A.B. asks: 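Let me give you the structure first, and then I'll get to my questions.
As the structure is a prediction and not an experimental result, all values here were calculated from the model. One-based numbering along the sequence shown. Note that ligands are numbered from 1 as they come in the structure, with each ligand's atoms numbered from 1 the same way.
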Amino acid sequence: MKDVVIRSSGRYLPEKVFTNDHFARFLDTSDEWIQERTGIRERRFAAPEERNSDMGTKAAQQCLERAGVDASEVDLIICATVTGDRIFPATANFIQENLGNRTAWAFDVNAACGGFIYALSLAYGMLASGVNRRALVIGSEKMTSILDFTDRSTCVLFGDGAGAVLLEAVEPADNPEGYGLRNFVLGADGSLAYKLWQPDGGSVNPPNPDSLARHGHYIHMSGREVYVNAVRTMNAIVEDVIAQAGLTPEQIDWFVPHQANKRIIDSVRERLKMPEERFVVNIDRYGNTTSGTIPIGIDELYTENKLATGQHVVLMTFGAGFTWGAVYLKWGDPLAAG
Ligand code: UT7
């Protein structure tokens, strides 16, 4: 088995900012309600002509530039998304084209907010087994394409954006400190699939006038039920992955949680008795970017030089499916020059 390290990260957020007051102009909502119930102050929405693959490409390009790796040297490209450019082919294929890579195998992972952790775990498997050497793992979403702007209980929650990481396999002998991705907790419960979903638009109900009239091709969510399950599951998986790593919560330097609701993040943090400073939060500025939240969070730590070699990092998520996952990694890059 090889070790697998994160070489670099990247992110892209669309330029246009929409504050909560924007929604109060056409919906029965308020900045106060949104901030208090979710922690969101503003979010970014992509321009109509801006594709999901454009955002994913920009995040991936940043990764490659920062690692000094040419796109042609990547063997595997996975894009986690539920708002791909097309039903098929995969958005990862369009990103591959944009990057100028013509050989990597490339596909999308549809696991909603669990998507990035699922994709990261799959890429880990391919690299650790020695099948591939380098992988780009991207989480990219154009949530505005499936938001119902007449439904105040969902449309205020989400935003558009993308994040990416470049993974590389290293020989354990060249990585004596054991840097990289180390422990994984993954799961799903399909019996709760209908609690957060896009009912129409697939083969059960292809787009048709009826589905358009009932807004079936937009997000539908039983918010409370998702909330309760999210808190319970995130608590369990974060404790599980830390125990698997043989560590205690106090030893974790950074937690990068999925950003669905600041209150969910706070209740996980409070249960672990952790200070706010150890939790990455970007929901206030970007809303819930679904599979984008975690790689965007990693990139914030990375570009703000907050990640020190040897630090312990936990990523965790919960989302539609229901899907969930947590990953423990030891930050460090034995391949970095100098
Ligand atoms: O990323 C994937 C996973 N997603 C999640 O984890 C989301 C989980 N759920 C949540 O974050 C929360 O449940 C929400 C933020 C969606 C809702 O917060 P809540 O505290 O659970 O509110 P609620 O659904 O219980 O609704 C309370 C009230 C309702 O009014 P009534 O029935 O009490 O009169 C809603 O209609 O708040 C109302 N409401 C709103 N009011 C003003 C719902 N959305 C809004 C809104 N503005 N935007």
A.B. asks: Run the side-chain contact (heavy atoms from CB on, under 4.5 Å) test against S153 and tell me which residues pass, sequence neighbours left out.
C.D. replies: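 Result, side-chain contact (heavy atoms from CB on, under 4.5 Å) vs S153: D151.
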A.B. asks: Would R285 and E300 pass as an ion pair if we require N to O under 4.0 Å?
C.D. replies: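 Counted as a salt bridge, because a side-chain N and a carboxylate O are separated by less than 4.0 Å.
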A.B. asks: Atom CD of residue position E250 - does it have more than 12 heavy atoms of other residues, nucleotides or ligands inside 6.0 Å?
C.D. replies: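 Buried by this count: over 12 neighbours within 6.0 Å.
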A.B. asks: Exactly one of T290, T83, T144 should register a side chain to side chain donor-acceptor pair (under 3.5 Å) with D160. Which one does?
C.D. replies: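 Only one option passes, and that is T144.
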A.B. asks: If you measure from the Lys or Arg side-chain nitrogens to the Asp or Glu carboxylate oxygens, is any gap between D28 and R152 under 4.0 Å?
C.D. replies: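 Result for this pair is yes, salt bridge flagged.
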A.B. asks: Less than 3.5 Å apart, any donor N or O on the side chain of D253 or W331 sitting next to an acceptor on the other?
C.D. replies: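 There is no such pair (donor and acceptor under 3.5 Å, judged by atom type) between the side chains of D253 and W331.
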A.B. asks: Can you tell me which residues line ligand 1 if we count any heavy atom under 4.0 angstrom from one of its atoms, in chain and number order?
C.D. replies: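 Those residues closer than 4.0 Å to ligand 1 by some heavy atom are D28, T29, W33, R37, T38, C113, R152, S153, V156, L157, L196, M221, G223, R224, V226, Y227, H258, A260, N261, R263, I264, N288.
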